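Just so we're clear, the structure is a prediction, and the values are computed from it rather than from any experiment. Each residue takes its place number in the sequence, starting with 1.
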Amino acid sequence: MGGKATKVKTGRVNKGAGRPRKENVERFPCGKIKPFETEKDNISVAISARRRIHGFGRTVADETVKSPFAGYTLGRMFLDGLITAEQRQAGDDYAEAIARYHKTTGIPAPSPRAQSLFAVKGHEGEQTETFADRARKASNRMMALQGILLRCPDGPQVRSMVYNVTVMDYEHLRQMPPQQLLWLRRGLTALRGRGVGDGVIHPLC
(Lines give C-alpha, C1' and ligand atoms only; values in the text may rest on other atoms or scores of the structure.)
Protein backbone atom coordinates (compact mmCIF):
# COMPACT_ATOMS: atom_id res chain seq x y z
CA MET A 1 0.00 0.00 0.00
CA GLY A 2 3.01 2.33 0.40
CA GLY A 3 3.92 4.87 -2.24
CA LYS A 4 7.11 5.31 -4.23
CA ALA A 5 9.09 6.57 -1.22
CA THR A 6 8.23 3.41 0.73
CA LYS A 7 9.39 1.17 -2.15
CA VAL A 8 12.68 3.04 -2.47
CA LYS A 9 13.26 2.73 1.27
CA THR A 10 12.52 -1.03 1.18
CA GLY A 11 14.94 -1.45 -1.71
CA ARG A 12 17.70 0.26 0.24
CA VAL A 13 17.07 -1.94 3.26
CA ASN A 14 17.17 -5.15 1.19
CA LYS A 15 20.18 -4.14 -0.90
CA GLY A 16 22.58 -6.12 1.28
CA ALA A 17 20.29 -9.16 1.59
CA GLY A 18 21.27 -12.58 0.26
CA ARG A 19 24.51 -14.52 0.30
CA PRO A 20 27.59 -12.28 0.14
CA ARG A 21 29.79 -12.52 -2.94
CA LYS A 22 32.49 -15.16 -2.53
CA GLU A 23 35.96 -13.68 -2.34
CA ASN A 24 39.39 -15.04 -3.32
CA VAL A 25 38.12 -17.45 -5.98
CA GLU A 26 39.00 -17.62 -9.66
CA ARG A 27 36.24 -16.54 -12.04
CA PHE A 28 35.57 -16.40 -15.75
CA PRO A 29 35.33 -12.91 -17.31
CA CYS A 30 31.54 -13.19 -17.05
CA GLY A 31 31.86 -13.53 -13.27
CA LYS A 32 31.02 -17.23 -13.01
CA ILE A 33 33.16 -19.18 -10.54
CA LYS A 34 35.49 -21.65 -12.26
CA PRO A 35 34.51 -25.34 -11.88
CA PHE A 36 37.51 -26.45 -9.83
CA GLU A 37 36.61 -23.87 -7.17
CA THR A 38 33.12 -25.34 -6.96
CA GLU A 39 34.64 -28.83 -6.78
CA LYS A 40 36.79 -27.77 -3.83
CA ASP A 41 33.66 -26.52 -2.06
CA ASN A 42 31.85 -29.80 -2.74
CA ILE A 43 34.77 -31.84 -1.41
CA SER A 44 34.91 -29.66 1.69
CA VAL A 45 31.21 -30.24 2.35
CA ALA A 46 31.60 -34.00 1.82
CA ILE A 47 34.56 -34.16 4.21
CA SER A 48 32.65 -32.23 6.87
CA ALA A 49 29.68 -34.58 6.48
CA ARG A 50 31.89 -37.66 6.83
CA ARG A 51 33.52 -36.23 9.92
CA ARG A 52 30.14 -35.49 11.47
CA ILE A 53 28.33 -38.71 10.53
CA HIS A 54 31.14 -41.23 10.99
CA GLY A 55 32.89 -39.65 13.94
CA PHE A 56 36.25 -38.77 12.41
CA GLY A 57 37.88 -36.36 14.83
CA ARG A 58 39.63 -33.15 13.85
CA THR A 59 42.96 -34.86 14.42
CA VAL A 60 42.24 -37.18 11.48
CA ALA A 61 43.76 -35.78 8.28
CA ASP A 62 41.53 -34.78 5.38
CA GLU A 63 43.32 -37.25 3.13
CA THR A 64 42.23 -40.07 5.44
CA VAL A 65 38.62 -38.87 5.48
CA LYS A 66 38.66 -38.62 1.66
CA SER A 67 39.94 -42.19 1.34
CA PRO A 68 37.67 -44.72 -0.41
CA PHE A 69 38.01 -46.83 2.73
CA ALA A 70 36.08 -44.18 4.68
CA GLY A 71 33.02 -44.96 2.58
CA TYR A 72 32.05 -48.28 4.19
CA THR A 73 32.15 -49.90 7.63
CA LEU A 74 34.97 -52.41 7.04
CA GLY A 75 37.12 -49.68 5.49
CA ARG A 76 36.49 -47.33 8.39
CA MET A 77 37.49 -50.08 10.82
CA PHE A 78 40.72 -50.41 8.86
CA LEU A 79 41.31 -46.66 9.11
CA ASP A 80 40.59 -46.91 12.85
CA GLY A 81 43.38 -49.49 13.15
CA LEU A 82 41.02 -52.28 14.27
CA ILE A 83 41.94 -54.64 11.41
CA THR A 84 44.95 -55.04 9.14
CA ALA A 85 45.15 -54.22 5.43
CA GLU A 86 45.24 -57.95 4.65
CA GLN A 87 42.10 -58.58 6.70
CA ARG A 88 40.33 -55.68 5.00
CA GLN A 89 41.23 -57.01 1.56
CA ALA A 90 39.98 -60.48 2.51
CA GLY A 91 36.70 -58.93 3.67
CA ASP A 92 36.38 -56.93 0.45
CA ASP A 93 36.88 -60.06 -1.66
CA TYR A 94 34.37 -61.98 0.48
CA ALA A 95 31.77 -59.25 -0.03
CA GLU A 96 32.48 -59.23 -3.77
CA ALA A 97 32.02 -63.01 -3.98
CA ILE A 98 28.68 -62.81 -2.16
CA ALA A 99 27.52 -59.95 -4.40
CA ARG A 100 28.50 -61.95 -7.49
CA TYR A 101 26.58 -64.94 -6.18
CA HIS A 102 23.40 -62.86 -5.86
CA LYS A 103 23.92 -61.28 -9.26
CA THR A 104 24.51 -64.49 -11.20
CA THR A 105 21.81 -66.56 -9.48
CA GLY A 106 19.16 -63.82 -9.56
CA ILE A 107 18.52 -64.11 -5.82
CA PRO A 108 17.70 -60.64 -4.40
CA ALA A 109 20.50 -58.93 -2.53
CA PRO A 110 20.04 -59.17 1.25
CA SER A 111 20.15 -55.44 1.99
CA PRO A 112 17.27 -53.10 1.04
CA ARG A 113 19.92 -50.45 0.37
CA ALA A 114 21.36 -52.61 -2.40
CA GLN A 115 18.24 -53.34 -4.40
CA SER A 116 15.00 -51.96 -5.79
CA LEU A 117 12.24 -53.43 -3.63
CA PHE A 118 9.72 -53.14 -6.49
CA ALA A 119 11.82 -54.59 -9.31
CA VAL A 120 11.20 -58.06 -10.70
CA LYS A 121 13.96 -60.45 -9.66
CA GLY A 122 15.26 -63.68 -11.13
CA HIS A 123 16.14 -64.72 -14.68
CA GLU A 124 14.27 -65.94 -17.74
CA GLY A 125 13.40 -69.63 -17.84
CA GLU A 126 15.86 -70.44 -20.63
CA GLN A 127 19.50 -69.86 -19.77
CA THR A 128 22.64 -70.56 -21.74
CA GLU A 129 25.06 -73.18 -20.50
CA THR A 130 27.70 -70.50 -19.97
CA PHE A 131 25.41 -68.47 -17.72
CA ALA A 132 24.34 -71.55 -15.78
CA ASP A 133 27.99 -72.52 -15.36
CA ARG A 134 28.84 -69.06 -13.98
CA ALA A 135 25.93 -69.29 -11.53
CA ARG A 136 27.04 -72.75 -10.41
CA LYS A 137 30.62 -71.58 -9.89
CA ALA A 138 29.45 -68.54 -7.92
CA SER A 139 27.27 -70.78 -5.72
CA ASN A 140 30.13 -73.20 -5.11
CA ARG A 141 32.44 -70.30 -4.33
CA MET A 142 29.98 -68.81 -1.84
CA MET A 143 29.49 -72.17 -0.07
CA ALA A 144 33.26 -72.71 0.11
CA LEU A 145 33.75 -69.32 1.76
CA GLN A 146 30.94 -70.00 4.23
CA GLY A 147 32.56 -73.34 5.03
CA ILE A 148 35.88 -71.62 5.80
CA LEU A 149 34.15 -69.36 8.32
CA LEU A 150 32.07 -72.14 9.89
CA ARG A 151 35.17 -74.25 10.52
CA CYS A 152 36.63 -71.51 12.73
CA PRO A 153 36.17 -71.76 16.52
CA ASP A 154 32.72 -70.27 17.26
CA GLY A 155 32.02 -70.73 13.56
CA PRO A 156 28.38 -69.51 13.43
CA GLN A 157 29.24 -66.33 15.31
CA VAL A 158 32.30 -65.77 13.12
CA ARG A 159 30.32 -66.21 9.91
CA SER A 160 27.54 -63.92 11.15
CA MET A 161 29.97 -61.20 12.21
CA VAL A 162 31.93 -61.25 8.94
CA TYR A 163 28.71 -61.21 6.93
CA ASN A 164 27.11 -58.37 8.89
CA VAL A 165 30.18 -56.15 8.60
CA THR A 166 31.31 -56.87 5.03
CA VAL A 167 28.00 -57.51 3.25
CA MET A 168 25.30 -55.82 5.31
CA ASP A 169 27.63 -52.92 6.19
CA TYR A 170 26.06 -52.28 9.59
CA GLU A 171 27.65 -49.05 10.85
CA HIS A 172 26.98 -49.70 14.54
CA LEU A 173 29.33 -52.70 14.42
CA ARG A 174 32.24 -50.30 14.06
CA GLN A 175 32.05 -49.94 17.85
CA MET A 176 31.60 -53.66 18.49
CA PRO A 177 32.76 -55.10 21.83
CA PRO A 178 36.07 -57.02 22.04
CA GLN A 179 34.51 -60.49 21.71
CA GLN A 180 32.74 -59.61 18.47
CA LEU A 181 35.89 -57.94 17.15
CA LEU A 182 37.75 -61.18 17.92
CA TRP A 183 35.22 -63.15 15.85
CA LEU A 184 35.54 -60.68 12.96
CA ARG A 185 39.33 -60.79 12.96
CA ARG A 186 39.28 -64.58 13.24
CA GLY A 187 37.02 -64.92 10.21
CA LEU A 188 38.96 -62.46 8.08
CA THR A 189 42.25 -64.12 9.02
CA ALA A 190 40.83 -67.54 8.11
CA LEU A 191 39.73 -66.22 4.72
CA ARG A 192 43.14 -64.67 4.24
CA GLY A 193 44.80 -67.94 5.19
CA ARG A 194 42.91 -69.68 2.39
CA GLY A 195 44.13 -67.18 -0.18
CA VAL A 196 41.16 -64.80 -0.18
CA GLY A 197 42.45 -61.28 -0.72
CA ASP A 198 45.88 -62.10 -2.11
CA GLY A 199 44.98 -63.13 -5.63
CA VAL A 200 45.49 -66.87 -5.08
CA ILE A 201 41.77 -67.60 -4.88
CA HIS A 202 39.96 -64.89 -6.79
CA PRO A 203 36.14 -64.60 -6.75
CA LEU A 204 34.95 -66.61 -9.73
CA CYS A 205 33.28 -64.93 -12.68
Side-chain angles (χ1 to χ4, degrees), residues 50 53-56 64-117 119 121-123 127 130-205:
R50 274 191 175 179
I53 295 171
H54 298 303
F56 288 108
T64 299
V65 181
K66 286 193 294 185
S67 167
F69 301 138
Y72 61 109
T73 302
L74 187 71
R76 288 189 286 272
M77 294 181 71
F78 165 64
L79 294 177
D80 292 339
L82 298 175
I83 59 174
T84 65
E86 292 78 12
Q87 290 170 333
R88 178 200 52 75
Q89 186 61 58
D92 287 346
D93 284 359
Y94 172 81
E96 182 183 348
I98 298 299
R100 189 161 293 161
Y101 161 75
H102 286 285
K103 182 177 179 180
T104 56
T105 59
I107 298 174
S111 172
R113 294 172 294 179
Q115 63 175 311
S116 170
L117 297 178
K121 299 296 178 181
H123 297 291
Q127 295 296 332
T130 302
F131 188 91
D133 186 55
R134 288 205 309 268
R136 183 169 53 255
K137 286 181 179 180
S139 298
N140 292 340
R141 172 70 171 148
M142 186 271 295
M143 288 188 288
L145 294 175
Q146 302 290 41
I148 292 172
L149 297 175
L150 286 173
R151 285 192 291 273
C152 293
D154 300 319
Q157 293 90 336
V158 170
R159 182 186 67 171
S160 176
M161 192 54 52
V162 172
Y163 184 84
N164 286 338
V165 173
T166 61
V167 178
M168 300 304 289
D169 195 34
Y170 289 140
E171 169 65 18
H172 71 275
L173 292 177
R174 186 179 169 193
Q175 283 82 37
M176 65 178 67
Q179 182 59 52
Q180 290 181 320
L181 182 59
L182 174 64
W183 290 333
L184 176 66
R185 288 171 172 167
R186 182 179 295 165
L188 297 176
T189 300
L191 292 172
R192 173 69 178 175
R194 293 296 297 271
V196 179
D198 62 5
V200 176
I201 303 178
H202 196 275
L204 298 172
C205 298

Given Met161 and Arg186, is the side-chain contact (heavy atoms from CB on, under 4.5 Å) satisfied, shown in steps? CA-CA 10 Å; Met161 192 54 52; Arg186 182 179 295 165; over 6 Å; no
**Criterion side-chain contact (heavy atoms from CB on, under 4.5 Å) on Leu184 and Met77, from CA distance to verdict** = CA-CA 11 Å; Leu184 176 66; Met77 294 181 71; 3.6 Å; yes
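Nearest approach of Ala138 to Thr104, heavy atoms of both residues: CB-OG1, 3.3 Å. Nearest heavy-atom pair across Leu145 and Ala97 is CD1-CB, 3.5 Å. Taking both residues in full, the closest heavy atoms of Leu82 and Arg174 are given as CD1-O, 3.7 Å, listed atom of the first, atom of the second, then distance. Between Asp169 and Leu74, the shortest heavy-atom distance links the atoms OD1-N, 4.5 Å.
Distance check, rounded to the nearest 0.5 Å: CD of Gln89 to OG1 of Thr84 gives 10.5 Å. To the nearest 0.5 Å, the span separating CG on Asp93 from CG on Leu191 amounts to 9.5 Å. Remark: Cys152 SG to Leu188 CG distance equals 9.5 Å, nearest 0.5 Å. With rounding to the nearest 0.5 angstrom, the CG atom of Leu150 is 10.0 Å from the CD atom of Gln157. Here CG of Asp80 is found 7.5 Å from CD of Gln175. Values are rounded to the nearest 0.5 Å.
Side-chain contact between Val167 and Tyr94 is present, with heavy atoms from C-beta onward closer than 4.5 Å. In this structure the side chain of Met142 never reaches within 4.5 angstrom of the side chain of Thr105, judged on heavy atoms. Inter-residue side-chain proximity for Gln87 and Arg192 is flagged as unmet; no heavy-atom pair is nearer than 4.5 Å. Under the 4.5 Å side-chain criterion, counting only non-hydrogen atoms from C-beta, Arg100 is not in contact with Arg141. Looking at heavy atoms from C-beta onward, Tyr163 lies out of side-chain contact with Leu149 at the 4.5 angstrom threshold.
At a threshold of 4.0 Å, the pair Asp92-Arg88 counts as salt-bridged, since one of the basic side-chain nitrogens sits closer than that to a carboxylate oxygen.
In terms of modelled atom types and a separation under 3.5 Å, the side chain of Ser160 and the main chain of Pro156 share no donor-acceptor contact.
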